[in-house]
Q: 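Take this structure, written in structure tokens, and hold onto it; I'll ask about it next.
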Protein chains: 2
Amino acid sequence: MSLKHAILTLLETEEGSGYDLLKRFKARLGFFWNASHQQIYSQLKTLHQDGLIDCTLEAQQGKPDRKVYHMTQAGHDALVKWLENPVKVDKVNDALLVKLYGGHLIDKNKLKQELSEHKAIHQRMLDTFLNLEQEYLNLPKTKQKPFELPYLTLRRGILGEKAWLDWAEEVESYLKG
Amino acid sequence: MSLKHAILTLLETEEGSGYDLLKRFKARLGFFWNASHQQIYSQLKTLHQDGLIDCTLEAQQGKPDRKVYHMTQAGHDALVKWLENPVKVDKVNDALLVKLYGGHLIDKNKLKQELSEHKAIHQRMLDTFLNLEQEYLNLPKTKQKPFELPYLTLRRGILGEKAWLDWAEEVESYLKG
DNA sequence: AAATCATATGCAAAAAGTTGCATATAAAAA
DNA sequence: TTTTTATATGCAACTTTTTGCATATGATTT
């Protein structure tokens with residue numbers, strides 16, 4: 001399962017509490033790996049049970065103890081092993097396309113409307129990605145180094161969203177005519 | 001669930017046995033909705049139990065009876081209702097990007113290799129899509145009509161795969177340097 | 001004639017993901 | 001000061017998907 005290894009990847013760089021990891025996950029991997037907070041907490045639990053991460057309690061004044069997770073050697077090994085084995089090509093399950101395929105059964109305006117809602121979402125994602133890209137590009141070359149690979153994942157998001165929006169244009173012009 | 005409705009969409013056009021539907025599913029919807037044969041058979045079963053499709057037995061000489069599924073009014077209504085309600089934006093879960101994100105932990109050549117395997121798969125998909133597109137474009141305009149919406153779903157595949165391959169070029173040139 | 005392969009079905013267990021709650025603190029707003 | 005909102009956690013039930021069998025027929029090889 002990739003979620004486990006995605007979390008391990010985060011911990012490889014820096015330890016953190018469940019919530020820390022959740023936020024880092026959403027901010028850095030969330031664009032290409034969808035996961036709910038429940039999933040992340042429960043995976044942290046099983047990763048811990050399996051000895052791939054461990055966890056220290058940091059006392060806090062007033063608040064309950066902060067559980068800080070970090071990588072173990074076993075976790076590191078498991079991550080590297082996973083990285084070295086092939087992964088499957090991403091499976092597509094796109095309900096909007098199912099709907100478009102059967103779209104003759106409903107009013108074109110319904111389709112148009114829904115398409116434009118999806119377009120707005122994809123446009124927002126693209127904007128987010130382009131902003132992140134600018135942040136990266138504005139860094140001095142030396143500071144870019146550690147982010148080169150994450151930047152490539154961002155490029156995937158950018159090219160993917162642009163392609164989606166180009167397609168939406170085609171569909172819109174069909175629905176207009 | 002979209003799988004149910006994808007199957008209903010197929011049955012809306014034409015009845016068929018489980019295997020017929022399986023093949024049509026793979027050929028027509030499989031590019032944007034992934035489903036195993038087990039899933040399709042079991043969904044047919046629940047659709048039947050729920051009265052959204054019914055099933056007649058056609059005797060065959062020698063062979064066991066052929067179970068032919070077709071749409072019921074309830075099924076049609078359920079499909080239209082589903083089509084009229086918004087669907088969620090496709091969730092991305094792309095393990096290759098997780099791997100690329102953590103790629104500094106392994107040999108660049110491993111990444112290169114895996115990327116090129118994925119590239120080959122995506123290239124094959126693009127080729128398939130382009131062939132289908134040609135078939136469609138070679139039809140006389142009148143024959144194209146019933147396939148206009150499916151054609152748009154095909155365009156999504158084409159634009160999507162092209163964008164993937166463009167991205168792969170970027171990654172390759174990074175991994176080379 | 002025996003072995004193997006493509007067709008045509010399906011069950012059942014396990015894994016992964018979704019949905020709906022539930023809790024508790026701290027800060028901010030009404 | 002009570003209510004709301006953001007932070008910070010997590011369980012449990014359910015749905016969906018994946019994986020691994022299992023079966024039976026007809027066609028094709030060996």
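What's counted below: heavy atoms across the whole structure, side chains too, no hydrogens, waters or symmetry copies. Below, read A as the first sequence line, B as the second, and so on, with proteins coming before strands; counting in each chain starts at 1.
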Q: Reading DNA chain C from 5' onward, which residue's closest nucleotide shows up sooner: Lys67(B) or Ser2(A)?
A: Lys67(B)

Q: Locate the shortest heavy-atom distance separating Asn34(B) from Asn93(A); write the atom from each residue and the value.
A: O-ND2, 3.1 Å

Q: Taking for each residue the nucleotide of DNA chain C with the nearest heavy atom, is it Tyr69(B) or Met1(A) whose nucleotide lies nearer the 5' end?
A: Tyr69(B)

Q: Nearest 0.5 Å please: distance from the NZ atom of Lys88(A) over to the OG atom of Ser2(A).
A: 10.0 Å

Q: Parallel, tilted or perpendicular: which one describes the rings of Trp164(B) and His118(B), with boundaries at 30° and 60°?
A: parallel

Q: Is there a donor-acceptor pair under 3.5 Å between the side chain of Glu114(A) and the backbone N or O of Val87(B)?
A: yes

Q: What's the CG-P distance between Leu57(B) and dT9(C), to the nearest Å?
A: 12 Å

Q: Find the distance Tyr41(A):OH to dT18(C):P and express it as a whole number of Å.
A: 17 Å

Q: Of all of residues 14-35 of chain B, which get a heavy atom below 4.0 angstrom from DNA chain C, listed by number?
A: Ser17(B), Gly18(B), Tyr19(B), Lys23(B)

Q: Provide, to the nearest angstrom, the distance between the CD atom belonging to Gln43(A) and the P atom belonging to dA15(C).
A: 11 Å

Q: Rounded to whole angstrom units, what separation is found between the NE2 atom of His48(B) and the P atom of dT9(C)?
A: 15 Å

Q: In whole angstrom, give the distance that lies between atom CG of Leu3(B) and atom P of dT18(C).
A: 16 Å

Q: Evaluate ring pair (Phe, Tyr, Trp, His ring centres under 6.0 Å) for Tyr151(A) paired with Tyr136(A), printing each intermediate quantity in order.
A: CA-CA 8 Å; Tyr151(A) 175 62; Tyr136(A) 171 81; 4.1 Å; yes

Q: N/O contacts under 3.5 Å, protein versus nucleotides 19-22 of chain C?
A:
from: dT19(C); atom 1: OP1; to: Lys88(B); atom 2: NZ; distance (Å): 2.8
from: dT19(C); atom 1: OP2; to: Lys88(B); atom 2: NZ; distance (Å): 3.4
from: dG20(C); atom 1: O6; to: Gln38(A); atom 2: NE2; distance (Å): 3.0

Q: Please round to the nearest 0.5 Å and tell me the distance separating atom CD of Gln134(A) and atom CG of Asn131(A).
A: 8.0 Å

Q: Kindly point out which of dT18(D), dT18(C), dA8(C) is positioned nearest to the side chain of Gln39(B)?
A: dT18(D)

Q: So do the side chains of Leu149(B) and Leu152(B) get within less than 4.5 Å of each other, counting heavy atoms only?
A: yes

Q: Could you pull out the closest heavy-atom pair between Thr46(B) and Lys4(B), with the gap in Å?
A: OG1-CE, 4.2 Å

Q: In whole Å, what is the span from the CD1 atom of Ile7(B) to the P atom of dT16(D)?
A: 12 Å

Q: In residues 94-103 of chain B, what residues come within less than 4.0 Å of DNA chain C, judged by heavy atoms?
A: none

Q: Which heavy atom of Thr9(A) sits nearest a heavy atom of Tyr101(B), and at what distance?
A: CG2-CD2, 3.7 Å

Q: Aromatic rings Trp82(A) and His5(A): how do their planes relate, parallel, tilted or perpendicular, breaks at 30° and 60°?
A: parallel

Q: Take the protein atom CD1 of Ile40(B) and the nucleotide atom P of dT9(C), then report the distance between them rounded to whole Å.
A: 12 Å

Q: In whole angstrom, give the distance that lies between atom NZ of Lys45(B) and atom P of dT17(D).
A: 17 Å

Q: Please confirm whether the backbone N or O of Ala35(A) pairs with a side-chain atom of Lys26(A), one donor and one acceptor, at under 3.5 Å?
A: yes

